[in-house]
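Numbered from 1 within each chain, the chains take letters A, B, ... in sequence-line order.
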2 protein chains.
Amino acid sequence: MIVIDPYSPEPVYRQLARLLRDAIDRGEYGPGQMLPAEGRLAQIYEVGRDTVRDALDVLRSEGRVDTTRGARTRVRADQGKADFDLPSGGRVDGRMPTLDERERWGLRPGVPLLEITSRDGAKKVVPADRFTLVVPE
Amino acid sequence: MIVIDPYSPEPVYRQLARLLRDAIDRGEYGPGQMLPAEGRLAQIYEVGRDTVRDALDVLRSEGRVDTTRGARTRVRADQGKADFDLPSGGRVDGRMPTLDERERWGLRPGVPLLEITSRDGAKKVVPADRFTLVVPE
DNA sequence: TTATATTTGTCCGTATGTATG
DNA sequence: CCATACATACGGACAAATATA
């Protein structure tokens, strides 16, 4: 069963990212479940470990998996999202946090920030993986 | 002038990312302007090219710079944002696009998606670097 | 226009540190 | 304490795209 084609115009690390993402979507790796170790994946797909890391970087930046040093990469479990009531007449912008903001608020990779500006200029920032914004009736 | 400390608990690539981010914020590299080439940065700061790439990855994932193969890394210029009127009673979620969505819509790295769900279940997705959502009065 | 140099993208290897199990 | 596994950092090589002469 050949799955990775080194001669494809699609880079190997992207092919691998796609394979793993599809496997997650098919439920082969459920939420909270571990993927094979990086070295193991490198053996299985016959690629370098750096290529495996590039592929996992893609999934991390998409917010699909979490990696803990020493442990392995796990499929990110959906957290329950709370509602955030938007102020009428307010404005919403989305952006990625800086590294400092990530550490300060304990944000995982691939989680955007939602920036809500009220009419009086007051700003609130909430992580997109924990809140759904609700538009008033 | 020593700026990078290899013995610091802060990884070298993060120190370099911080240095470059601060230089951009100070205006040393203005919007649209080019940063030094990767190999040049490696020489200047006396680190490996891999480390420079890791630092630039940080800035790309924050949406601060854009890199074109063969050309160099440029400071991202703010695009004008259009208003998007939110439907009353609707809901807003933020997430990062997959690689496929990035290519399909020509999205640059570090740009979140804003997903608007109307009360009837219809969904609209807009890139966060081109739209500000407006809450109705 | 053509050819050359520059620059980034990808891929591989090795080594060491550090956290987990 | 030990083995495993990820994070960081160095290096080299070649391909592909851009910029320059």
Side-chain angles (χ1 to χ4, degrees), chain A residues 2-20 29 32-61 64-76 99 102-103 106 108-110, chain B residues 2-20 29 32-61 64-76 99 102-103 106 108-110:
Chain A
I2 309 288
V3 275
I4 301 267
D5 173 18
Y7 301 105
S8 161
E10 185 184 18
V12 174
Y13 78 94
R14 291 198 183 201
Q15 294 182 52
L16 180 53
R18 190 165 40 71
L19 287 175
L20 294 174
Y29 302 106
Q33 210 170 343
M34 287 188 303
L35 267 57
E38 293 179 355
R40 191 85 193 79
L41 288 172
Q43 285 182 341
I44 294 172
Y45 294 99
E46 295 179 326
V47 296
R49 191 186 154 206
D50 200 50
T51 302
V52 172
R53 286 183 60 73
D54 286 345
L56 292 179
D57 261 340
V58 169
L59 299 184
R60 274 191 288 270
S61 72
R64 306 289 305 254
V65 301
D66 282 310
T67 305
T68 313
R69 163 137 78 170
R72 258 184 270 170
T73 297
R74 290 171 180 277
V75 177
R76 187 175 293 182
L99 270 182
R102 290 247 317 269
E103 285 171 10
R108 296 171 301 179
Chain B
I2 309 288
V3 275
I4 301 267
D5 173 16
Y7 301 106
S8 161
E10 185 185 17
V12 174
Y13 78 95
R14 293 198 183 200
Q15 294 182 52
L16 180 52
R18 190 166 39 73
L19 287 174
L20 294 174
Y29 301 107
Q33 209 170 342
M34 287 189 303
L35 267 56
E38 295 178 354
R40 191 86 193 77
L41 288 171
Q43 284 181 342
I44 294 172
Y45 294 99
E46 296 179 323
V47 297
R49 190 189 156 207
D50 200 49
T51 301
V52 172
R53 288 185 59 74
D54 284 346
L56 292 179
D57 260 341
V58 169
L59 299 184
R60 274 191 289 270
S61 72
R64 307 287 305 253
V65 299
D66 282 309
T67 305
T68 313
R69 163 136 93 171
R72 259 183 270 169
T73 297
R74 289 171 180 278
V75 177
R76 185 175 296 183
L99 270 182
R102 292 246 318 270
E103 286 171 10
R108 296 170 302 179

task: Under the side-chain hydrogen bond (donor to acceptor under 3.5 Å, both in side chains) rule, collect the residues that match up with B/R53, sequence neighbours excluded.
output: B/E38
message: The criterion is side-chain hydrogen bond (donor to acceptor under 3.5 Å, both in side chains); which residues satisfy it with A/E46, sequence neighbours excluded?
response: none
message: Less than 4.5 Å apart, side chain to side chain, heavy atoms only: is that true for B/V65 and B/L20?
response: no
task: Would you jot down, in residue-number order, the residues of residues 35-43 of chain A having a non-hydrogen atom under 4.0 Å from DNA chain C?
output: none
A/V58: partners by side-chain contact (heavy atoms from CB on, under 4.5 Å), with sequence neighbours left out: A/Y13, A/A17, A/R21, A/E62, B/L99
Name the pairs: protein N/O against N/O of nucleotides 15-18 of chain C, kept only if under 3.5 Å.
| unit_1 | atom_1 | unit_2 | atom_2 | d |
| --- | --- | --- | --- | --- |
| C/dG17 | N2 | A/R69 | NH1 | 3.0 |

- line: Nt span of DNA chain D in reach of chain A heavy atoms at under 4.0 Å, 5' end first, is D/dA5 to D/dT8
message: Suppose we screen for salt bridge (charged side-chain N to carboxylate O under 4.0 Å, His left out). Which residues come up paired with B/D66, at least two apart in sequence or across chains?
response: B/R76, B/R108
message: Could you work out, with side-chain hydrogen bond (donor to acceptor under 3.5 Å, both in side chains) as the rule, every residue matching A/S61, not counting sequence neighbours?
response: none
query: Taking CG from B/L56 and C1' from C/dG9, how many angstroms apart are they, rounded to a whole number?
result: 13 Å
Non-neighbouring partners of A/A42 that pass side-chain contact (heavy atoms from CB on, under 4.5 Å), sequence neighbours left out: A/V52
field: Residues forming a side-chain hydrogen bond (donor to acceptor under 3.5 Å, both in side chains) with B/R14, sequence neighbours excluded
entry: A/E103
query: Can you tell me how far C1' of C/dT10 sits from CG of B/D57, to the nearest Å?
result: 13 Å
- prompt: Atom OH of A/Y13 and atom P of C/dC11: how far apart are they, to the nearest Å?
  reply: 8 Å
- prompt: Distance only, no hydrogens: is a donor on one side chain within 3.5 Å (strictly under) of an acceptor on the other, for A/R40 and A/Q43?
  reply: yes
- prompt: For B/R64, which residues count as a salt bridge (charged side-chain N to carboxylate O under 4.0 Å, His left out) partner, sequence neighbours excluded?
  reply: B/D25
query: Between A/R53 (CZ) and C/dC12 (C1'), how many Å, whole number?
result: 14 Å
- line: Hits for salt bridge (charged side-chain N to carboxylate O under 4.0 Å, His left out) against B/D57, two or more places apart or cross-chain, chain-then-number order -> B/R60
task: Report the residue (A/T68 or A/T51) whose heavy-atom-nearest nucleotide on DNA chain C is the more 5′ of the two.
output: A/T51
